[in-house]
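Here is the structure we will look at, set down as structure tokens.
Throughout, protein chains are lettered first and strands after them, A, B, ... in sequence-line order, and every chain is numbered starting at 1. This is a predicted model, so every value here is computed, not measured.
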Protein chains: 4
Amino acid sequence: MAAGARSASSGSADKRRLILDAAIRVFAERGFHQCRVSDVADEAGVAYGLVYHYFRSKEEILNTLFLERWQLMLDAIAEIDRRDLPAREKLAHVAAFIVDSYRHDPNLMKVIIVEVTRSSHSFGARHLGKIREAYDGIARIVERAQREGSFRQDIPADFGALFFYGAIEQLLTGWIFGMLPTTEEEFERAKRLVVEALCSGLELTPTTGRALAR
Amino acid sequence: MAAGARSASSGSADKRRLILDAAIRVFAERGFHQCRVSDVADEAGVAYGLVYHYFRSKEEILNTLFLERWQLMLDAIAEIDRRDLPAREKLAHVAAFIVDSYRHDPNLMKVIIVEVTRSSHSFGARHLGKIREAYDGIARIVERAQREGSFRQDIPADFGALFFYGAIEQLLTGWIFGMLPTTEEEFERAKRLVVEALCSGLELTPTTGRALAR
Amino acid sequence: MAAGARSASSGSADKRRLILDAAIRVFAERGFHQCRVSDVADEAGVAYGLVYHYFRSKEEILNTLFLERWQLMLDAIAEIDRRDLPAREKLAHVAAFIVDSYRHDPNLMKVIIVEVTRSSHSFGARHLGKIREAYDGIARIVERAQREGSFRQDIPADFGALFFYGAIEQLLTGWIFGMLPTTEEEFERAKRLVVEALCSGLELTPTTGRALAR
Amino acid sequence: MAAGARSASSGSADKRRLILDAAIRVFAERGFHQCRVSDVADEAGVAYGLVYHYFRSKEEILNTLFLERWQLMLDAIAEIDRRDLPAREKLAHVAAFIVDSYRHDPNLMKVIIVEVTRSSHSFGARHLGKIREAYDGIARIVERAQREGSFRQDIPADFGALFFYGAIEQLLTGWIFGMLPTTEEEFERAKRLVVEALCSGLELTPTTGRALAR
DNA sequence: GATGAATGAGCGTTCATTCAT
DNA sequence: AATGAATGAACGCTCATTCAT
């Protein structure tokens with residue numbers, strides 16, 4: 001929880017932070033390519049020359065936003081994996097972290113997902129390594145579960161991670177696009193369902209029959 | 001199979017098709033926003049102005065590419081759903097159709113995924129309805145399976161569809177980004193695994209134990 | 001009267017005439033520069049390549065329209081001047097000819113006035129000689145009246161012609177712009193008033209007092 | 001006199017003014033549509049983009065030039081009308097103001113007349129209201145003269161204004177087109193003649209006979 | 001005569017970035 | 001640190017004109 005608490009903070013005169021927070025709003029609202037540097041400056045209430053005092057370029061603003069947020073997630077995944085929990089619980093925590101990140105600062109997550117993660121040209125390509133680290137972090141959870149016998153081994157860990165991440169990203173996309181409702185209950189339900197679906201599958205089996213009863 | 005056979009064909013003098021095919025290559029290579037209309041014209045070997053003879057704008061080229069291809073997929077999903085098959089088989093056919101589409105014309109799929117589907121600003125927003133239709137088509141398969149008792153009902157059909165589509169899209173993204181190998185075997189393996197994972201889950205159970213044996 | 005009877009005629013298959021008539025409507029409606037050659041062709045119901053079969057360029061269409069109509073006016077002015085009439089009557093006939101030309105084919109006159117006569121760049125410059133001939137024709141009427149003693153000599157004939165033509169052109173402009181009503185009565189009144197004003201002046205004098213009584 | 005002193009001044013570093021003055025020269029020389037924004041920038045000796053720093057569009061430059069100059073004339077006409085003078089004197093002042101405006105900055109007046117006032121499509125239409133105000137200002141002078149008995153009432157004031165303005169505009173057109181000489185004497189003579197012609201008429205009468213003697 | 005596909009120069013506008021103050 | 005004037009490359013789009021059929 002408390003994911004990304006820093007991004008919306010600061011009543012201070014930290015102009016750099018002001019610019020970053022303004023950029024989140026503007027990039028989320030209109031898209032990175034559809035807005036001008038001056039829009040960010042206007043939103044931040046500073047002269048737009050100042051943007052270039054703090055950032056080398058418009059891109060660097062986005063890179064900064066992405067990296068500082070994404071690293072939190074990587075750290076969280078790693079930390080979760082170190083805990084002594086069943087894999088399913090770990091994945092639940094990962095899902096919760098991501099969903100809560102969106103809940104906490106939808107604009108920031110929207111920017112990261114839409115402008116970086118889902119944008120293979122320009123930014124996606126640049127941050128491929130970092131994005132991959134997230135898959136790897138999840139894959140490590142799966143891998144350990146396979147070694148410990150709780151997860152099946154016929155689905156490679158990296159595929160499992162891919163599917164799990166893909167499902168969650170699709171949830172975020174649904175919220176971002178306004179295709180899914182964004183109430184608190186929905187967030188909680190989604191967290192539960194994505195883990196349930198990915199771990200136990202969509203088919204009805206004796207096992208999932210028991211799962212239903214829980 | 002044979003998905004979208006038309007898009008890469010034609011040694012004919014159909015200049016309109018020539019332009020569309022050139023656009024696929026150029027958009028895939030450098031991205032929609034990163035290339036100029038003249039790049040498309042050059043690639044097609046036609047004069048600049050001819051592009052505007054056939055298309056109202058650069059955007060219309062992309063819209064055309066998206067719509068003509070996406071509709072094939074929607075039709076395929078609907079057709080698959082009409083067959084008398086277990087839901088798992090249906091989903092396998094859907095996965096196969098999408099994967100084969102990528103295998104058949106990776107550039108076109110890359111353009112559609114990267115520039116339209118995963119691009120909420122500009123194009124994604126415009127084609128939201130069409131994109132949603134795909135989710136709905138898959139959801140209908142899941143729904144029927146729930147009614148018929150083969151799929152569990154505690155995971156709503158639309159979520160199931162979302163997760164399934166998300167997993168597949170993540171596969172495509174992996175191939176597009178060069179994060180996953182793109183051999184024939186990989187494509188086939190991926191088709192199988194995404195269905196297996198989504199239907200039976202990642203966890204090891206007595207049921208999946210049996211699945212392993214198949 | 002019956003000025004420019006040819007311009008709106010022809011139920012024949014004379015495509016050249018069809019194009020010219022279409023050009024009158026299109027140029028009048030949207031302006032020479034604001035419409036495309038294809039607009040003219042569409043209006044004429046012919047393929048736009050045909051326009052280039054009959055005319056060397058878009059400009060030549062306008063030149064043709066201007067010259068064929070303007071020459072009628074020059075001829076009319078010359079013919080009027082040859083009649084044995086008081087100068088005031090001659091000017092009245094000139095005014096009537098121009099006003100009736102507008103009444104007969106407002107679009108054509110609009111094109112000629114707006115796109116050629118009042119457009120010093122491009123077309124005005126090209127047809128300067130022809131435009132000047134009109135001034136000269138009127139000036140000749142004034143000049144003769146001065147020699148014969150009915151017109152004062154302290155206002156040079158060319159100035160007189162300029163003022164007279166300017167007043168009439170302003171009337172046309174008023175109609176074209178929709179600043180003056182365009183009823184039959186207004187046209188007749190305008191004919192009378194422009195001659196009266198230019199010949200007798202706006203000031204009230206014993207002479208004009210008598211004029212009132214007429 | 002001293003009409004529009006601001007427009008051609010400034011050796012200062014006011015780049016906005018520099019651009020406006022350059023635009024006057026370029027628009028006058030080659031016409032609004034026949035010149036590129038870069039021509040204006042080059043003429044002003046500033047970078048291309050700076051034009052768009054100060055003006056929203058090429059059109060806005062022309063609008064600005066027209067409005068700032070035209071308003072001076074409207075103000076002048078209103079001010080002249082407020083003076084306690086015979087109508088003929090008032091009209092003489094109006095004529096003088098306009099002629100002097102041309103004398104002072106022929107390029108600016110050329111642009112205004114040719115590109116705006118005489119251009120019913122595009123700009124003329126946009127500024128119809130402002131153009132009409134000029135007619136109305138002159139008409140008010142005539143109207144008052146009619147009420148006070150010095151001008152005849154059988155020629156409506158608005159027609160009188162139209163003819164007077166038309167005559168003057170034709171003079172300007174003559175100078176602009178190079179059809180009339182542009183010496184100081186000619187300007188002064190034209191001022192006198194246009195008023196004389198419009199007030200007293202072209203015909204020789206006992207009254208105008210006396211006028212000759214003056 | 002008639003068609004409309006094909007050509008390509010031209011131009012208005014945008015906007016990231018620099019820099020003098 | 002802070003400002004915003006100044007720069008200029010880049011690009012989408014228009015449209016008059018040509019030409020093969």
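Not counting sequence neighbours, A:Glu29 has no partner by the salt bridge (charged side-chain N to carboxylate O under 4.0 Å, His left out) test. When the side-chain hydrogen bond (donor to acceptor under 3.5 Å, both in side chains) test is applied to B:Arg36, no partner is found at least two apart in sequence or on another chain. Taking D:Asn107 as the reference, nothing meets the side-chain hydrogen bond (donor to acceptor under 3.5 Å, both in side chains) condition, with sequence neighbours excluded. Under the side-chain hydrogen bond (donor to acceptor under 3.5 Å, both in side chains) criterion, A:Thr173 pairs with A:Arg118, not counting sequence neighbours. Legend: residues meeting side-chain hydrogen bond (donor to acceptor under 3.5 Å, both in side chains) with D:Gln71, ordered by chain and number and at least two apart, are D:Asp75, D:Lys130.
Atom pair B:Phe55:CZ and F:dC15:P shows a separation of 20 Å (rounding to whole Å applied). Taking atom NZ on A:Lys15 and atom C1' on F:dG4, their separation rounds to 14 Å, with Å as the unit. One interatomic measurement links the two molecules: CZ of D:Arg17 to P of F:dA5, which rounds to 17 Å at whole-angstrom precision. When the P atom of E:dG12 is taken as reference, atom CG of D:Leu62 falls 13 Å away, rounded to whole Å. If you take CZ of D:Arg16 and P of F:dG4, they are 17 Å apart, rounded to a whole angstrom. The distance between atom OH of C:Tyr54 and atom C1' of F:dA16, rounded to the nearest whole Å, is 20 Å. Distance D:Asp42 CG to F:dT7 P: 12 Å, rounded to the nearest Å. For the pair C:Asn63 CG and F:dA16 C1', the interatomic distance rounds to 15 Å; values are reported in whole Å.
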Report summary line: For DNA chain E, the expected dot-bracket line (Watson-Crick or G-U under 3.5 Å, [ ] crossing, | inter-strand) is .||||||||||||||||||||
**Report entry** Contact state string [nucleotides 15-21 of chain E, B base, S sugar-phosphate only, - no protein heavy atom under 4.0 Å]
**Finding:** SSBB---
Could you pull out all donor-acceptor pairs under 3.5 Å where a side-chain atom in residues 41-56 of chain B meets a protein atom, sequence neighbours excluded?
unit_1	atom_1	unit_2	atom_2	d
B:Glu43	OE2	B:Arg25	NH1	2.5

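Taking a cutoff of 4.0 Å between a charged side-chain nitrogen and a carboxylate oxygen, B:Arg126 and B:Glu59 qualify as a salt bridge. Ion pair B:Arg17/B:Glu68 flagged as a salt bridge, since at least one NZ, NE, NH1 or NH2 atom sits closer than 4.0 Å to an Asp/Glu carboxylate oxygen.
Residue pairs satisfying the salt bridge (Lys or Arg N to Asp or Glu O under 4.0 Å) criterion with at least one member in residues 44-53 of chain D, sequence neighbours excluded, are absent.
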